[in-house]
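Shown next, in structure tokens, is the structure this report addresses.
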There are 4 protein chains.
Amino acid sequence: MFKIDQRGSTPIYQQLVQQVKEAVLKGILQPGDKLPSVRELAVRLTMNPNTIQKSYQELERQRVIETLRGRGTFVSLHYKPSKGKEKMSVFEEDLRNLLVEAHYLGLDRAKIMQLVGRLLEELKIGEGDS
Amino acid sequence: MFKIDQRGSTPIYQQLVQQVKEAVLKGILQPGDKLPSVRELAVRLTMNPNTIQKSYQELERQRVIETLRGRGTFVSLHYKPSKGKEKMSVFEEDLRNLLVEAHYLGLDRAKIMQLVGRLLEELKIGEGDS
Amino acid sequence: MFKIDQRGSTPIYQQLVQQVKEAVLKGILQPGDKLPSVRELAVRLTMNPNTIQKSYQELERQRVIETLRGRGTFVSLHYKPSKGKEKMSVFEEDLRNLLVEAHYLGLDRAKIMQLVGRLLEELKIGEGDS
Amino acid sequence: MFKIDQRGSTPIYQQLVQQVKEAVLKGILQPGDKLPSVRELAVRLTMNPNTIQKSYQELERQRVIETLRGRGTFVSLHYKPSKGKEKMSVFEEDLRNLLVEAHYLGLDRAKIMQLVGRLLEELKIGEGDS
DNA sequence: GTGGTCTAGACCACA
DNA sequence: GTGGTCTAGACCACG
């Protein structure tokens, strides 16, 4: 279900955070669904349980998942977009940097817009009704 | 000319790499232009010359700038989009992750497309003839 | 395991790069093997950890080794000959220069071919199936 | 007549040394031929005269050329292969390193031998009768 | 003057 | 424990 790239610069725990969020977004994980336990996932992904733990903590901090003591961890029923304007400007900066990279990879405006469009479909990001 | 954020997680040598690439892209730095010397820039940005060095060497590896021995460093006359398909898939992965973030920030499809469009203008990324 | 010439004009970080590549080629280091940690090797070779770092990073850029975060650095499982035609012409140029030197050292065609043959044996370079 | 690569790691003055030696080897420059004056060559190659000077000094040190005061510089009538065994081992080391590179460029034994053979032809290196 | 290498010593994030 | 970043200060070859 999750694919981790051991090499590559992004930290493993962040990759997991990303993938859980993506799964929720796509509807693969529905609100209320139970996530695998830390230990189980550690075995399946052959990772250190501490790393899984760190991912879950980060996801909980972002209100994407919730932990019910003794029951397990579940996808939050209502997640709220946070919208801090600080986060927005960080996001915009990241996006700008990525677009610079795109140009140095030989992509022009049309190809970039097309790629963004395709990924939005794939991620099922549409109007704000989600 | 360059603005470095001393705190913040992204390494400052990478920030400089990004900003030089962005400046070249926008035309602020033209092919053939001389870059400030390592020492001079170190003084202006109040950072260590070694750090500037690291940035310049990375930029040279990426063929964005060239070093003429004893004369200084210059913006490359012809930089070639590299196009490695591996780099492309890394890029696509990064973009996907960023779009997931966008959604969690409350942006819908329309707002994302609009933002991308605006940034492309700002960076002067147009058709492939640039 | 590695022998570094502290004096002599070639940078010692490059010497280390060369020797690692040679060790991999000879099979002394097998794909998947763990390299000594930066700190440990620094102690063993009595050099600065930063210098070792530089070597390792260069080797990683060349895809000879891979870094697994927090676990260490390893010989790449699959390294691919890069084959850039630009690199090829640089190589041919270097080889030409070296052959000119050979002549000025008093070596004739036969002795040169013999020496090349001997070194190829020593390095275990054979048919393309290695 | 001489082609200098301003970028690239090998020092300009060494490139010139190399090319003069190569020209002598090929017979383009014959023993007794007059070399261009420092100033003239500096103009033709758009280089700093000091750099040309350095090249000529190095060539003279290697006994490839001779300077006749007030007359100019000439290709030596009899150059003697030096054969210092120290130089030989340096040469062998350089050759070994280059062969390692060859392998990482995807060349196998046959292709390397073929390339060496071609270059020897091109440089007119034959039996020891030169 | 330019960039390139090296050391010493410090701090940090990741697993 | 691992590698990655940064500073301070030094020395060198090149043009």
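Note on naming: letters A, B, ... go to the chains in the order of the sequence lines (proteins, then strands), and numbering restarts at 1 for each one. For the numbers below, each heavy atom of this structure counts, side chains included, while hydrogens, waters and symmetry mates do not.
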Handout entry: side-chain N/O Y13(D) vs dC14(F) OP1/OP2, d < 4.0 Å
Key = yes
Handout entry: Check: N97(C) side chain, D94(C) main-chain N or O, donor-acceptor pair, under 3.5 Å
Key = no
Handout entry: DNA chain F-proximal residues of residues 49-65 of chain D, any heavy atom under 4.0 Å
Key = T51(D), K54(D)
Completion exercise
Under a 4.0 Å heavy-atom criterion, DNA chain E is touched by chain B from dG1(E) to dC6(E)
Problem - With E58(D) via salt bridge (Lys or Arg N to Asp or Glu O under 4.0 Å) - residues at least two apart - result: R61(D)
Exercise for the section: Taking salt bridge (Lys or Arg N to Asp or Glu O under 4.0 Å) as the test, write out the residues that go with K87(A), two or more places apart. Expected result: none
Exercise for the section: Name the residue closer to the 5' end of DNA chain F, choosing between T73(C) and N48(B) according to the nucleotide with the nearest heavy atom. Expected result: T73(C)
Exercise for the section: Hey, could you give me the CG/CG distance between L35(C) and L29(C), rounded to the nearest 0.5 Å? Expected result: 6.0 Å
Exercise for the section: Sequence neighbours left out, what passes side-chain contact (heavy atoms from CB on, under 4.5 Å) with Q57(D)? Give chain and number order. Expected result: Q53(D)
Handout entry: Residue pairs passing the side chain to side chain donor-acceptor pair (under 3.5 Å) test where at least one lies in residues 4-17 of chain C, sequence neighbours excluded
Key = D5(C)-R7(C)
Problem - Check against side-chain contact (heavy atoms from CB on, under 4.5 Å), H103(A) and L99(A) - result: CA-CA 6 Å; H103(A) 174 261; L99(A) 292 178; over 6 Å; no
Exercise for the section: For T67(C) and for G70(B), locate the closest nucleotide of DNA chain F by heavy-atom distance; then report the residue assigned to the nucleotide nearer the 5' terminus. Expected result: T67(C)
Exercise for the section: Taking side-chain contact (heavy atoms from CB on, under 4.5 Å) as the test, write out the residues that go with R63(B), two or more places apart. Expected result: K80(B), E86(C)
Practice task
Rounding to 10 degrees, work out the angle separating the end axes of the helix from dG1(E)-dC14(F) to dC14(E)-dG1(F) (five pairs an end).
Solution key: 20°
Problem - First encountered from the 5' end of DNA chain E, between R69(C) and V38(B) - result: V38(B)
Handout entry: side-chain contact (heavy atoms from CB on, under 4.5 Å) against L68(D), all qualifying residues, sequence neighbours excluded
Key = R71(D), F74(D)
Practice task
Indicate whether any N or O donor in one side chain lies under 3.5 Å from an N or O acceptor in the other, for T73(B) and E66(B).
Solution key: no
Hey, can you pull the donor-acceptor pairs under 3.5 Å for the side chains in residues 42-49 of chain A, sequence neighbours left out?
| unit_1 | atom_1 | unit_2 | atom_2 | d |
| --- | --- | --- | --- | --- |
| R44(A) | NH1 | E40(A) | OE2 | 3.3 |
| N48(A) | OD1 | N50(A) | N | 2.8 |
| N48(A) | OD1 | N50(A) | ND2 | 3.4 |

Practice task
Hey, could you give me the CE/CG distance between M88(D) and L95(D), rounded to the nearest 0.5 Å?
Solution key: 9.5 Å
Problem - Within residues 5-12 of chain B, residues whose heavy atoms come under 4.0 Å of DNA chain E - result: none
Handout entry: Those residues that, when tested against Y104(C), pass ring-ring contact (aromatic ring centres under 6.0 Å, His included) (two or more places apart)
Key = Y79(D)
